[in-house]
Amino acid sequence: MSIKLISLDLDGTLMLPDHLTVSERNKTALLKAHKNGVKIIVSTGRTLSVVERVIKQVPFVDYVMYSDGAAVYDVKNSKVIYEKLIDFDITKEIIEHLNTTEVYYNLYIDRKIATQNGRLRYYYNNGLPQEFIDDYMNNTTVCENLLEDIKGKPVELIVGFFNNESDFKKSREYVNSFSDRLYITSAMKNEFEMTNIEATKGKTMAYLCDLLSISSDEVLAAGDSFNDIPMLEFAGISVAMSNGDSEIKEIADFVTETNANDGVAVAVEKFVLNN
């Protein structure tokens, strides 16, 4: 069965290691597929405001699934078409717990990022390019009283970055008590991120496919980390990046080149363009 939809994670997958640039070979392969009628979906843990730089490089992208599947943005029609968010009461409980630990946390809300003043001192840059960090910080609102500022509002995603191993373990155990209401995953060491339990890259991909009358067998998905697993399990062809986690490579149908070596283009050329 031919591929009708390509779903791509960003960081570690479509983006070069600078987290800012889409390679020319990746752009060319995806544009050829799109001209052949294949839908292109960006499926990212980022919120929408931190995806704009990417869309400018690949303006033919059809949809952005953002905040780990919490919402979908229709690029052509410039509107959000789907949301599954975290209730404020749950957010309040989790933030009150995180405030007792040494963690830098932020919330994705209204397609932007918010954090509590004083939390930045706990942030440790684990090898990410400074320009990428600056892009995130420029899209982050620092609140004097975060919970008061967002009172009553639902949240796309909650993410915490820990330096202290014991705080990480304690907090992960705490948030696991919400596993009947939240989907909890990780994109890197000593980090976790939470969405509505119905908001995973796999469940939201199923919604999009139903909307577009596309079967899972007609989907190619590529990713590199644990938050990509639901999407890879849904897709007819699952592609892991060589730079990805070992567990991702074990479940994938195909392990492609690294993100530094145009791994997305290699997979698209092989399975979609039949090069």
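Values below: all heavy atoms of this structure, side chains included; hydrogens, waters and symmetry mates excluded. Values in this document were obtained by computation on a predicted structure and should not be read as measured data. The residues of the chain are indexed from 1 along the displayed sequence.
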_If hydrophobic clusters are built by linking Ile, Leu, Val, Met, Phe, Trp and Tyr wherever their side-chain heavy atoms come under 4.5 Å apart, do L85 and V159 end up in the same one?_
no
*Joint cluster assignment, Y63 & M65, ILVMFWY side-chain distance < 4.5 Å*: yes
_Test item: T47 and I113 side chains (from C-beta on) under 4.5 Å apart, heavy atoms_ = yes
_Check this for me: does any side-chain nitrogen of one of K56 and E52 sit under 4.0 Å from a carboxylate oxygen of the other?_
no
*Decide yes or no for I109 and K153: does some side-chain heavy atom of the first lie under 4.5 Å from some side-chain heavy atom of the second?*
yes
_Minimum side-chain heavy-atom gap Y73-V51 below 4.5 Å_ = no
*Considering non-hydrogen atoms only, spot the tightest contact between N196 and K84 and give its length.*
CB-O, 3.5 Å
*Do F234 and L8 share a hydrophobic cluster (ILVMFWY, side-chain heavy atoms under 4.5 Å, transitive)?*
no
_Has Q116 got a side-chain atom pairing as donor or acceptor with L146's backbone, closer than 3.5 angstrom?_
yes
*Is a donor on one side and an acceptor on the other found under 3.5 Å between the side chain of D167 and the backbone of E102?*
yes
*Do other residues, nucleotides or ligands put more than 12 heavy atoms under 6.0 Å from K270 NZ?*
no
*Given side chains that start at C-beta, do those of I229 and I251 come closer than 4.5 Å, heavy atoms only?*
yes
*Consider only side-chain N and O atoms of T140 and T115, and report whether a donor and an acceptor are under 3.5 Å apart.*
no
_Whether D135 side chain and V50 backbone form a donor-acceptor pair below 3.5 Å_ = no
*If you measure from the Lys or Arg side-chain nitrogens to the Asp or Glu carboxylate oxygens, is any gap between D87 and R181 under 4.0 Å?*
no
*Cluster question for you: counting only ILVMFWY and a side-chain heavy-atom cut-off of under 4.5 Å, with indirect links fine, are I90 and V103 together?*
yes
_Side-chain donor or acceptor of R121 paired with backbone N/O of G118 under 3.5 Å_ = yes
*Smallest separation among heavy atoms of S179 and I197, with atom names*: O-CD1, 3.2 Å
*With side chains defined as the heavy atoms from C-beta onward, is the minimum distance between I95 and L107 less than 4.5 Å?*
yes
*Taking side chain as C-beta onward, heavy atoms only, is L14 less than 4.5 Å from V22?*
yes
*Parallel, tilted or perpendicular: which fits the ring planes of Y123 and Y104, with parallel below 30° and perpendicular above 60°?*
perpendicular
_Less than 4.0 angstrom from a charged side-chain N to a carboxylate O is my criterion; do E269 and R25 meet it?_
yes
*Same apolar cluster (I L V M F W Y, side chains within < 4.5 Å links), Y82/L208*: yes
_side chain to side chain donor-acceptor pair (under 3.5 Å) partner of K201, the single match among D9, T185, T195, D68_ = D9
_Closest heavy-atom pair and its distance - V272, V38_ = CG1-CG2, 4.0 Å
_Checking S238 against D253: is there a side-chain donor and acceptor pair closer than 3.5 Å?_
yes
*asked:* Can you tell whether the side chains of K170 and E173 come within less than 4.0 Å, N to carboxylate O?
replied: no
*Check whether any side-chain heavy atom of R111 lies under 4.5 Å from a side-chain heavy atom of V80, and answer yes or no.*
yes
*Atom of F178, atom of E93 and distance for their closest heavy-atom approach*: CZ-OE1, 3.6 Å
